[in-house]
Each structure stands twice: as structure tokens, then as C-alpha cells.
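Encoded as C-alpha cells, the structure appears first; notes follow it.
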Amino acid sequence: MSTLFLRTLREDPVDAELPGHRLLVRAGYIRRVAPGIYSWLPLGMRVLAKVEGIIREEMDRIGSQEVRFPALLPREPYEATGRWTEYGPNLFRLKDRKDSDLLLGPTHEEMFCLAVKDLYSSYKDLPLALYQIQQKYRDEARPRAGILRGREFIMKDSYSFDVDQAGLQKAYDAHREAYVRIFNRLGFEYVIVHADSGAMGGSASEEFLAINANGEDTFVRDEHGYAANVEAVEVPQAKPVQVTVGPAHVEDTPDTPTIDTLVAALNANHPRVDGRSWTSADTLKNVIVMLVQPDGTREPLAIGLPGDREVDPKRLEVKVAPATVEPFEEKDFAANPALAKGYIGPGVLGESRASGIRYLLDPSIADGSAWVTGADEHGKHVLDLVHGRDFTADGTIQAAEIRDGDISPDGNGTLTLARGIEMGHIFQLGTKYAEALGLKVLDEHGKLVTVTMGSYGVGVTRAVGVVAEDNHDELGLAWPREVAPADVHVVATGKDPAVFVKADEIVRSLVEQGIDVIYDDRPKVSPGVKFKDSELIGVPTIVVVGKGLASGVVEIKDRRSGDRREVPVEAIIDAVVTEVNGS
RNA sequence: CGGGCUGUGGCGUAGUUUGGUAGCGCGCUUCGUUUGGGACGAAGAGAUCGCAGGUUCAAAUCCUGUCAGCCCGACCA
């Protein structure tokens with residue numbers, strides 16, 4: 001350590017929020033250079049190399065082959081797949097001196113596709129799986145949480161190439177198994193959830209989420225092992241129910257533009273015949289949003305859902321992708337006179353009705369159920385309006401919020417919400433990119449078939465961040481052995497030169513045994529500083545060569561448990577080897 | 001993009017209200033002492049106080065503008 005490029009900080013960096021991130025900076029693993037952009041120092045590089053090593057081993061094991069594509073890419077392939085525009089402002093774009101458009105790759109589907117197209121043209125060449133570990137660039141609106149969400153980050157992305165769905169399924173299953181092995185080795189808690197492949201296109205899709213309260217993804221679980229990203233939860237279509245109310249009737253409900261004011265007015269002026277009080281769940285709320293297509297086309301969309309639920313913007317966005325969602329504004333209301341703001345009802349909604357706005361219902365709205373909803377006139381609502389009898393919609397949409405306690409999609413469980421960080425995503429991409437870029441091979445009948453692809457990603461730098469978040473205590477980091485920057489941290493302390501001579505010898509022997517060592521040989525640094533640093537850095541095994549040497553012992557300490565014991569100096573190598581191989 | 005906050009040696013900060021020699025802790029250098037839990041003493045190096053303009057005899061401090069960063073939200077594979 002006397003020559004290691006490292007400076008630990010005694011105080012917390014002011015710009016780091018999460019504990020793991022703070023410790024990575026304090027312990028000298030990473031340094032922030034700009035928002036969402038980090039430098040990796042020697043200790044950080046060691047951890048990064050360990051994580052990459054695990055990923056390489058597991059990818060190689062399933063026969064995937066490593067390649068490396070540039071981070072700096074030309075515009076044309078991304079133009080061909082539509083992503084130059086579809087990716088929007090999150091794409092880093094730049095120009096060269098000839099004014100040609102370039103981009104910094106946010107993912108590399110295009111490059112993989114073109115590389116295979118370049119070299120392969122027969123079904124005999126397939127199946128094929130390729131991967132790379134590469135810097136990716138996304139101009140995040142707001143980078144945060146240190147390396148958990150940066151603008152530059154390292155990702156392992158791989159792609160499988162097959163001639164048919166059966167082959168794709170096989171490749172997908174192989175990757176799934178590889179990912180389970182990778183994440184089991186990395187040392188953090190995770191869950192595999194059903195996901196929505198969203199804007200990337202494709203079908204079968206699962207995410208590996210690190211379970212973390214600071215995560216940006218919300219997922220649900222039930223007691224029978226069902227787990228899904230909240231975006232991917234499919235609320236089942238409610239079964240038809242018997243109509244139990246009389247004809248629909250319009251009532252005066254002045255000054256009730258919100259659900260709360262409506263419910264209050266109903267209970268005050270229009271009590272139910274059966275004596276139950278009205279709740280927001282008895283009302284049908286109609287929310288209008290503006291969809292904006294990548295080409296700028298704007299189209300309104302109306303969503304009908306029970307009044308006690310909100311539209312979940314994330315769920316909505318993945319359903320309407322690649323369009324984005326913007327609020328429906330005053331001027332939009334003004335442009336559509338059929339809409340009475342605050343009193344909008346199914347009477348005017350729908351492609352064939354007065355507003356002409358496409359109208360989609362939440363699947364929980366059962367055929368035959370009765371609702372209170374807007375009468376499309378200021379100050380009036382309609383009661384006992386029955387779905388199927390009195391109104392219909394253009395379809396359904398899975399956009400309502402999911403809540404703790406909701407019923408599982410299979411009807412047999414209760415959902416619990418939790419937060420996670422997306423660490424890996426595997427999905428069956430299908431032919432979207434192969435189609436766009438013309439990746440076809442001849443099959444055994446001499447016919448051209450479009451190659452079907454799978455896409456599989458792991459956030460590498462993000463994984464380092466998550467491991468740090470999950471493996472620390474008040475003293476510092478406490479790495480799992482598989483990703484620790486070293487196997488053992490040897491501290492030499494004392495003024496007796498014999499200590500350093502002996503420590504040098506121990507370190508040499510350990511290295512000969514193939515053990516990675518960090519050696520604190522700094523002279524004139526007080527023992528307290530060395531101990532604090534060893535705990536902050538977080539190598540799993542710490543060996544202290546110090547005052548015990550006079551009586552022929554050195555100390556071996558477990559970073560995680562804090563357990564320490566004295567070992568005769570001549571037995572220390574064996575003790576460390578056992579420790580390294582055992583835990 | 002909206003809201004809040006902050007820019008002062010490498011790091012953490014005081015000073016700004018009320019204009020007057022830029023201070024402290026950590027870190028760094030040298031010498032000496034110290035060596036099992038972030039040691040002690042002495043002597044040092046290191047800052048155009050984010051930037052630009054203005055007011056003033058005088059600006060870290062007041063005014064105007066601008067840039068950057070952090071946090072919350074929107075957004076986000």
C-alpha cells in the first residue's frame with residue numbers, strides 16, 4: 001500500500017447519498033468526474049475485474065463468444081432501426097469534423113446484428129451467441145445514486161441468433177441459467193420477475209432485480225412465488241356480473257369536478273337505496289392523456305378506471321411505447337368541445353362518439369357493473385350506468401396502478417409491492433432488429449429466413465454499486481469473497497523492523513500460493529489508521545503482523561464477523577489458505 | 001423540465017445578515033518524538049472566495065447576469 005494509488009477519506013463525500021456509494025468514494029475505489037461519470041481507481045478496478053471475470057466465466061460456459069464493438073458509432077445503422085429518433089434525448093449524439101452524425105452507443109443490437117450479417121449467411125452457421133463487456137452511454141435526464149445510474153456505465157450485453165423460435169427458446173433458457181449462476185455468485189439479494197420488454201420490442205422477458213429499497217423499479221410478489229415488474233402485471237379481465245340496477249339516470253351534481261367532491265355530494269344528495277355509502281370505487285374516472293409518437297404526431301387517449309385508482313404512468317408508457325405520454329392540457333380541452341372538464345363520461349368517449357378519442361377501459365371494469373360517471377355536461381353525473389348495457393369502450397388497457405393487497409393475476413394470491421434495481425434483463429427480441437437490418441440466412445430448403453434474436457444484459461458497474469450497497473457496515477465495506485479487491489489484507493504495524501521483515505515474508509508466501517494480497521507496509525503510519533483503513537476497504541480476511549510477533553503469533557481477522565484469533569506465525573499461510581478457500 | 005439548496009486551498013467547512021489583512025479541522029511537506037485503534041510538538045507549502053459585469057476609497061460579503069453542482073419530483077434499459 002505504500003505504492004498503491006489510494007487515498008482514503010476520513011470524512012464522507014458531500015455529494016454521495018447512498019451508504020455504499022459513500023464508502024466506495026471514501027475507501028478510494030471510485031471518484032466522481034462529472035454527474036453520472038466516474039473514474040475507477042486501482043481498488044475499484046480490481047472489483048470490476050472480479051465482476052467481469054464472473055460474467056465471462058458464465059457466458060463462456062454456455063458457449064457465448066466475446067467480442068467488442070466500438071462505443072463511438074455511426075448514425076446509419078441506428079437510423080435503419082429507427083432508434084436514432086426513437087431513443088430520443090437520452091441518446092448522446094455528436095458530429096465529427098465532416099459534420100457526420102455519430103452517437104455513443106446506448107446498447108449495441110445494431111452492431112451485433114450487422115456483424116453477423118457481415119459474416120454469416122447459412123442456417124448451418126447458427127445457433128450463435130455473442131457478448132461484449134463495453135461502456136454504454138445514456139444522457140440521463142438526472143443521473144443519481146453514484147454508479148447505480150450513470151451516464152457512462154459498463155454493461156455486458158449478449159445476443160443469440162437462431163433460425164426459429166425453438167432455437168431462441170433454448171438460447172434464452174441457457175442465458176437464464178447463466179444469469180442465475182452469475183447473480184448467485186455476486187452476493188446480493190435478487191428476484192427474477194416477469195418484465196415488459198417495452199420499447200425494445202420482443203416477447204418473453206424477465207428481469208433480475210436486486211432487492212433494494214432505494215431501487216427505481218417497483219415489482220410485486222405473491223405468496224406462491226409469482227413475481228413481476230409492476231409494469232408487466234396483467235390484471236385479469238373481470239368476469240361479467242348480473243345487472244342489479246335500473247336504468248341509467250342523469251343527476252345534478254354541481255361543483256363536483258373531482259372524485260372526492262363527487263363522492264361527498266352523492267352521499268349528501270343521492271343516497272343509495274340499500275343504505276351503503278358511496279365510495280370512490282363506485283365511480284368511473286375517465287383520464288385523458290396526450291400520446292406523442294416519435295415522429296411528433298399527437299393523439300389523445302382516454303382511460304376509464306375505478307375512481308379509487310390512479311393511472312400508473314410507467315405502466316401506461318410501456319403499453320403505448322414507443323409513444324410518450326404528456327398531460328392533456330387546457331388548450332387540448334379547448335380544441336375538443338365535446339369534453340366537459342371534470343364531467344367527462346363514456347357518452348362522448350370512443351372513436352365513434354362525439355370526441356372521437358380512443359377509449360380504453362381498465363380490465364377490472366366488469367361487463368354488467370354499474371358506475372357513477374360524468375354526464376359530459378358541467379355539474380352533472382350519470383348514475384347506474386352499466387358497462388355493456390349503457391356504454392362500451394374501444395378496448396382495455398393495463399395502466400391502472402397496482403396496490404399492495406391486490407389479487408394476483410392467477411386469482412390465487414395477494415400481491416406485495418417492493419423496490420428493486422434492475423441488474424439483468426433477458427428477453428426474446430425476435431426479428432425486430434434482424435428485419436430492420438436485413439439479417440437473413442438460407443434455411444435447409446434454400447429459402448431466406450429472418451434470424452430471430454434474444455437479447456441479454458447485465459449492468460456491470462451497477463453490479464459493483466449494488467454489491468457495495470448490500471455489503472457494508474458502520475466501519476466500511478465488507479466484500480463477498482468472490483468480488484473482493486483481494487483475498488487478504490495484510491497489516492504490518494509496529495516500530496520493530498522485524499515486523500516488516502516477517503510481514504514481507506508472509507506476503508511473498510501468500511502470493512506464491514496464488515492469493516491476492518493488499519499489503520499495508522506504510523511506514524510511520526499509526527496502527528489505528530491502518531486498522532481503520534483495512535475495515536473501510538473491506539477485504540474479507542485481515543492479517544495483522546504486529547506486537548504479537550514477539551511471542552510468535554500473528555492475528556487473523558474476519559472482516560464481516562469481526563472475529564479474530566491468534567495463529568502461530570509458522571501456521572499463518574495455511575490458516576489464510578483455509579480461510580480463502582473455505583468462506 | 002419544475003421545486004428546494006449550495007458554490008471559499010486536495011476534502012469537510014467558518015466568515016456573507018452589518019463591505020475593511022481569508023480562518024479552522026482533515027490531508028500534504030520537513031524535523032523530532034510516537035507505534036495495537038483515525039498519535040504529539042514545531043516549522044512550512046497550498047485559495048485569482050464558480051465566472052462576468054456593476055456599485056464603492058475598499059467586495060468572499062451588496063446589485064445584475066451567467067455557469068456549475070447537490071437533493072426532491074417529472075423522466076429513465
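Values in this document were obtained by computation on a predicted structure and should not be read as measured data. Reminder, nothing fancy here: chain letters follow the sequence lines and each chain counts from 1.
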Which whole number of Å gives the distance between the C1' atom of U35(B) and that of A68(B)? 45 Å

Interatomic distance where NZ belongs to Lys557(A) and P belongs to G36(B) [whole Å]: 14 Å

Is the distance from OP1 or OP2 of U35(B) to the nearest side-chain N or O of Lys495(A) less than 4.0 Å? yes

Residue closer to the 5' end of RNA chain B, Glu555(A) versus Glu140(A) (nearest nucleotide): Glu555(A)

Within the pair Arg10(A) and G27(B), is there a side-chain N or O less than 4.0 Å away from OP1 or OP2? yes

Quick check: does any side chain N or O of Arg26(A) sit under 3.5 Å from a backbone N or O of Leu9(A), one acting as donor and the other as acceptor? yes

Is it the case that Tyr137(A) and Asp139(A) place a side-chain donor and acceptor less than 3.5 Å from each other? no

Regarding Gln134(A) and His108(A), is there a side-chain donor-to-acceptor distance under 3.5 Å anywhere? no

In whole angstrom, give me the gap between the C1' atoms of G46(B) and U33(B). 26 Å

In whole Å, what separates the C1' atom of G20(B) from that of A58(B)? 7 Å

Quote, to the nearest angstrom, the C1' distance that separates C67(B) from G27(B). 29 Å

Distance between P atoms of G19(B) and C62(B) (Å, rounded): 9 Å

Can you check the distance between A47(B) and C57(B), where both ends of the measurement are the P atom (answer in whole Å)? 31 Å

Quick one: on RNA chain B, does Arg31(A) or Gly150(A) contact a more 5' nucleotide (nearest heavy atom)? Arg31(A)

So if I apply the side chain to side chain contact (heavy atoms under 4.5 Å, CB included) rule between Phe161(A) and each of Val116(A), Leu168(A), Thr452(A), which one comes out positive? Val116(A)

With rounding to whole Å, what would you report as the distance between C72(B) and U29(B) at their P atoms? 37 Å

Report the distance from atom CD of Glu231(A) to atom C1' of C75(B), rounded to the nearest whole Å. 12 Å

Can you tell me, in whole Å, how much space there is between the C1' of G23(B) and that of U55(B)? 27 Å

Leu429(A) CG to A77(B) P, straight-line distance once rounded to whole Å: 15 Å

Only pairs with both distances under 3.5 Å count, Watson-Crick or wobble alike; so what is the partner of G41(B) in this structure? C31(B)

Which one of His21(A), Arg31(A), Glu152(A), Arg32(A) satisfies the side chain to side chain donor-acceptor pair (under 3.5 Å) criterion with Tyr38(A)? His21(A)

Under 3.5 Å on both distances, the Watson-Crick or G-U partner of U6(B): A68(B)

Between C70(B) and Arg32(A), is there an OP1 or OP2 to side-chain N/O distance shorter than 4.0 Å? yes

Separation of A77(B) atom P from Glu152(A) atom CD, nearest Å, is 19 Å

